[in-house]
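Notes for the one structure printed next.
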Amino acid sequence: GRVGNFLGSFYNNAASLQEATPITVTAPELRSGINATLSPGGGITGTITSAATGLPLSGIMVSVSGTGGSAYAFTGADGAFTLSGLGSGSYELKAAPLSETVNLIAASRMVEVVAPEITAGVDIALAEGATLSGTVTGPGGTPLNGIAVFVRGDEHNYQRYATTDAAGLYSFTAMPSDSYQVFFRP
């Protein structure tokens with residue numbers, strides 16, 4: 001994990017790995033003085049709640065990726081999260097339950113960070129999703145176990161796989177409103 005709210009740095013303040021100063025050592029030499037002073041990073045704080053109840057949601061994974069780095073955290077019992085060690089830039093922040101069995105639709109939004117400031121109040125309410133389920137059978141209504149079921153949405157980036165159980169049952173949850181194609185593969 002991260003230690004404090006600092007930005008990573010290459011030796012000698014190089015901007016990239018390609019520009020980093022190589023350090024040659026020859027065994028059994030002891031080479032010292034390869035030091036760094038890290039700059040403070042920016043961060044993002046907020047709260048994840050249920051759109052249906054307004055109550056905080058715990059255990060939700062919140063991640064960011066953007067021009068100034070990436071980070072992730074999990075919400076606490078109060079629904080709060082803190083992401084730190086971010087450089088200045090534009091980030092896509094995503095909030096989603098860890099398990100696909102939790103019927104909440106993942107959500108995302110863009111967030112600007114200006115290091116070393118903390119961008120506060122980045123709150124997201126997760127809505128309940130739809131559920132699609134069914135049974136796969138063979139001739140005579142015999143349930144088929146182990147059939148792969150693929151579902152894909154037209155407008156949203158929702159794609160999932162499931163496998164039928166011994167009773168031929170499958171289920172998808174946390175689906176946003178959309179039209180879907182379903183494919184059954186033995």
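Annotation: side chain of Ser9 is in contact with side chain of Leu38 (closest heavy-atom distance under 4.5 Å). Pro40 is not listed as a side-chain neighbour of Asn5, based on a closest heavy-atom distance of 4.5 Å or more. In this structure the side chain of Tyr91 reaches within 4.5 angstrom of the side chain of Leu86, judged on heavy atoms. Between Leu132 and Tyr170, some side-chain heavy-atom pair lies under the 4.5 Å cut-off. Looking only at side-chain heavy atoms (C-beta outward), Tyr72 and Val62 stay at 4.5 Å or farther from each other. A heavy-atom distance below 4.5 Å is found between the side chains of Phe172 and Val149. At a threshold of 4.5 Å between non-hydrogen side-chain atoms, the residues Val151 and Phe183 do not count as touching. Taking 4.5 Å as the limit, every side-chain heavy atom of Ile118 sits out of range of all side-chain heavy atoms of Ile44.
Judged purely by atom type and a 3.5 angstrom limit, Asp178 uses its side chain to pair as donor or acceptor with the backbone of Glu155. At least one donor-acceptor pair under 3.5 Å links the side chain of Thr164 to the backbone N or O of Leu144. Side-chain atoms of Asp165 come within 3.5 Å of backbone atoms of Ala167 as a donor-acceptor pair (strictly under, hydrogens ignored). Looking at Glu117, its side chain never comes within 3.5 Å of a backbone N or O of Val114 through a donor-acceptor pair. Using modelled atom types, one side-chain atom of Arg31 and one backbone atom of Thr24 make a donor-acceptor pair closer than 3.5 Å. Of the possible donor and acceptor atoms, one in the side chain of Asn103 sits under 3.5 Å from a partner among the backbone N and O of Ala174. For the pair Thr119 (side chain) and Glu112 (backbone), a donor-acceptor distance under 3.5 Å is present. No donor-acceptor pair closer than 3.5 Å links the side chain of Thr75 to the backbone N or O of Ile48.
Nearest heavy-atom pair across Ser171 and Ala162 is O-CB, 4.2 Å. When all heavy atoms of Val136 and Phe184 are compared, the closest pair comes out as CG2-CD2, 3.6 Å. What you find for Ile124 and Ala107 is that their closest heavy atoms are CG2-CB, 3.8 Å. Of all non-hydrogen atoms in Ala51 and Ala127, the two that sit nearest each other are CB-CA, 3.8 Å. Among all heavy-atom pairs drawn from Ile23 and Tyr11, the shortest one is CD1-CD2, 3.6 Å. Minimum interatomic distance between Ala166 and Pro143 (heavy atoms only, all atoms of both residues): O-CB, 3.8 Å.
Rounding to the nearest 0.5 Å places CE of Met175 at 9.0 Å from CZ of Arg160. In this structure, OG in Ser16 is found 6.5 Å from CZ in Phe10, a value given to the nearest 0.5 Å. Going from atom CG of Asp78 over to atom OG of Ser58 covers 9.0 Å, rounded to the nearest 0.5 Å. Considering OG1 of Thr45 and CG of Leu83, their distance stands at 9.0 Å, rounded to 0.5 Å.
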Please assess Tyr180 against Tyr158 for the test ring-ring contact (aromatic ring centres under 6.0 Å, His included), listing each intermediate value before the final yes or no.
CA-CA 9 Å; Tyr180 292 90; Tyr158 184 97; 5.7 Å; yes
Quick one: do Ser88 and Val113 satisfy side chain to side chain contact (heavy atoms under 4.5 Å, CB included)? Show the steps, please.
CA-CA 5 Å; Ser88 295; Val113 172; 5.7 Å; no
Side chain to side chain contact (heavy atoms under 4.5 Å, CB included) assessment of Leu57 paired with Thr49:
CA-CA 5 Å; Leu57 296 172; Thr49 59; 5.5 Å; no
Take Ile147 and Arg185 through the side chain to side chain contact (heavy atoms under 4.5 Å, CB included) test and state the conclusion after the steps.
CA-CA 6 Å; Ile147 301 298; Arg185 183 176 187 133; 5.7 Å; no
Intermediate values then yes/no, side chain to side chain contact (heavy atoms under 4.5 Å, CB included), Glu128 and Leu126:
CA-CA 7 Å; Glu128 291 183 21; Leu126 297 183; over 6 Å; no
Stepwise side-chain hydrogen bond (donor to acceptor under 3.5 Å, both in side chains) test for Ser65 and Glu92
CA-CA 6 Å; Ser65 181; Glu92 181 179 16; over 6 Å; no
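Ring geometry, Tyr161 versus Phe150: the interplanar angle falls from 30° to 60°, so the pair is classed tilted.
Put simply, the residue from Ile105, Thr173, Val102 that forms a side-chain contact (heavy atoms from CB on, under 4.5 Å) with Pro97 is Val102.
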